[in-house]
Every structure is written in C-alpha cells, then in structure tokens.
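Report on one structure; see the data block that follows.
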Amino acid sequence: MSDSKKSPSRAPRTGAPVPPKWRKDVERVLITQDQLARRIRTLSREIEKDFTGRETVVISLLNGTVMFLADLIRHLSLPLRLDFMGVSSYGAGTESGELVYTKELRLDVRGRDVLLVDDILDTGRTLSRVIPKLRKLKPRRIKTCVLLNKQARRVEKIQADYVGFEIPDFFVVGYGLDYAERYRNLPFVGVLKPELYQSGS
Ligand code: PRP
C-alpha cells in the first residue's frame, strides 16, 4: 500500500484491430496479448526482487484476477502458497462501496509476507476494505499488485505497490475483467462500446 517507486507502463496506443468475433461489443484494443505478456514478465521480476528469501502467501481476489494471476505466478520464481478471497461489489454497477465476501481465506497468514493481487484498482473501495481485514490476521507485511490502475476514478486514498498498466477512465473488459460477468475470456484488454453498458444490456 506504500507509494510505488516502480514505473508502470502507460497503456500504449496499440492500433491493434479488434478480432472480428468481438467487434460487435469492443470498441478498441487497449492492451494487446503481447503487451500483457511482456509487462507481466517484468512485473514478476520487480516482485521477485522484493520477496526473495521468504515464503510468500499470494492472495488473489476473485473473480477478475483469473488470467492475470495465472500468468503472473508462473513467472514468479519464489516459494509461495496460493489462496483466494471472493470479494464482489454489492450488486451490479453499484457505487455504494458495500462488499460481499463470497469466499474467505483458508491459509494462516500470521507472520507471513503477503502479496495481494487484484485485476484493477479503480475507486479503491475494494482494496481499502480488504487490506484492513487482512491486517487483523497479523501478516508480517502486505504488498499489493494490480494489473490495471485507473487513477482518475479513485475515491479512497490508496495506491498499489506494483502496477502493470496505468489506464485512462475507459470501461475496460477482457483478460479476466467483466461487464455483467461477460467478456472475461477476451485474451486482451479492450474498451467496451458505451452503448452496451449505457443500455444496461
Ligand atoms: C472489480 C475488480 C476489483 C474491484 C476494483 O471487482 O475485480 O476487485 O472491482 O474496483 P474498486 O477499486 O472500485 O473497488 P468486482 O466487484 O467487479 O468483482 P469481480 O472481480 O468478480 O469482477
């Protein structure tokens, strides 16, 4: 949660065409598969440097982290154990900040180094509630890692320690991120066409 000294990539202008099967829904590709793969490799090296020497408990927040987590941990040459917390904003599209826990941790994190992984840091409501909950379990330290940081929408005073990409305030889907539980399987991060979420379909 401390200020990051790392320099996350700004989501590059890709110019990559949206694959035909997604053109109906996705306006443009924000981050390509190749860009994701390259950045996640460098991100894992940054993390390794800070975590070397101690067994780490990686805690991943369901469901959006599914692809990011799988790619990140296969590059982490660290002794680690993996656990999941199910966390969801209360109801679709709500900004109430209420969280519903759909799965609790199973591993004991007392005295452990924890790497908390999420797909996107947006308003900051999720991490700013999950971190104090984890702190009560007395880990030695908690570092946070997010694939995407959308600074423009932040309402809580929180930064991640490791950030894959800084992104503008677009509604992004794919690579684990959803809209109404759809689009998680896109292999890239794309910008959803506004008419899709504006019409509530
Ligand atoms: C999304 C995302 C983050 C959170 C970020 O989760 O996965 O956990 O929102 O937003 P915030 O910074 O504004 O809190 P969501 O509740 O949509 O669940 P999901 O991971 O199952 O998509």
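Read the numbers this way: they start at 1 and go in the same order the structure lists the ligands and their atoms. One is the number of the first residue; the rest follow in order along the sequence.
One N or O on the side chain of D83 and one on the backbone of L107 form a donor-acceptor pair closer than 3.5 Å. Panel note: side chain R23, backbone R28; no donor-acceptor pair is recorded below 3.5 Å.
Those atoms of ligand 1 with a heavy atom of S88 less than 4.0 angstrom away are 16 (O). Distances below 4.0 Å separate heavy atoms of S89 from the following atoms of ligand 1: 16 (O). The contact set between ligand 1 and G124, taken as ligand atoms under 4.0 Å from a residue heavy atom, comprises 11 (P), 12 (O), 13 (O). Set against the non-hydrogen atoms of D178, the atoms of ligand 1 under 4.0 Å away are 22 (O).
If you check the side chains of Q35 and R38, you find no donor sitting under 3.5 Å from an acceptor.
Note: no N/O pair closer than 3.5 Å links E181 and ligand 1 by distance alone.
Under 4.0 angstrom from ligand 1, the non-hydrogen atoms of D118 all belong to its side chain.
What sits closest to atom 11 (P) of ligand 1 on the protein, heavy atoms only, is T123 OG1, 3.3 Å. In this structure, atom 20 (O) of ligand 1 lies nearest to the protein heavy atom G64 N, 3.0 Å. Among protein heavy atoms, the minimum distance from atom 9 (O) of ligand 1 is reached at T126 OG1, 4.2 Å. Taking atom 18 (O) of ligand 1 as the reference point, the nearest protein heavy-atom neighbour is V87 O, 3.9 Å. In terms of protein heavy-atom proximity, atom 10 (O) of ligand 1 is nearest to D122 CB, 3.5 Å. In this structure, atom 5 (C) of ligand 1 lies nearest to the protein heavy atom I120 O, 3.2 Å.
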- Query: Is there a side-chain hydrogen bond (donor to acceptor under 3.5 Å, both in side chains) between R41 and S44 once you walk through the steps?
  - Reply: CA-CA 5 Å; R41 273 199 296 274; S44 62; over 6 Å; no
- Evaluation steps, side chain to side chain contact (heavy atoms under 4.5 Å, CB included), between F188 and I31: CA-CA 6 Å; F188 56 89; I31 310 173; over 6 Å; no
- Task: Run the numbers on I131 and L116 for side chain to side chain contact (heavy atoms under 4.5 Å, CB included), then give the verdict.
- Result: CA-CA 9 Å; I131 291 169; L116 178 61; 3.8 Å; yes
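Between L99, I158, D119, it is D119 that holds the heavy atom closest to atom 2 (C) of ligand 1.
Under a 4.0 angstrom heavy-atom cut-off, L61 registers as lying outside contact with ligand 1. Under a 4.0 angstrom heavy-atom cut-off, L62 registers as being in contact with ligand 1. Residue R184 places a heavy atom less than 4.0 Å from ligand 1.
V155 and F171 fall into different hydrophobic clusters, where Ile, Leu, Val, Met, Phe, Trp and Tyr residues are linked whenever their side-chain heavy atoms come under 4.5 Å apart, directly or through other members.
Residue K138 places its NZ atom among 12 or fewer non-hydrogen atoms of other residues, nucleotides or ligands, all under 6.0 Å distant.
Between Y179 and Y197, the ring planes are perpendicular. Angles over 60° get that label, and only those under 30° would be called parallel.
Less than 4.0 angstrom separates atom 16 (O) of ligand 1 from at least one non-hydrogen atom of the protein.
Salt bridge R39/E46: present, at least one basic N to carboxylate O contact under 4.0 Å.
By the 6.0 Å and 45° rule, K150 does not stack over the aromatic ring of F165.
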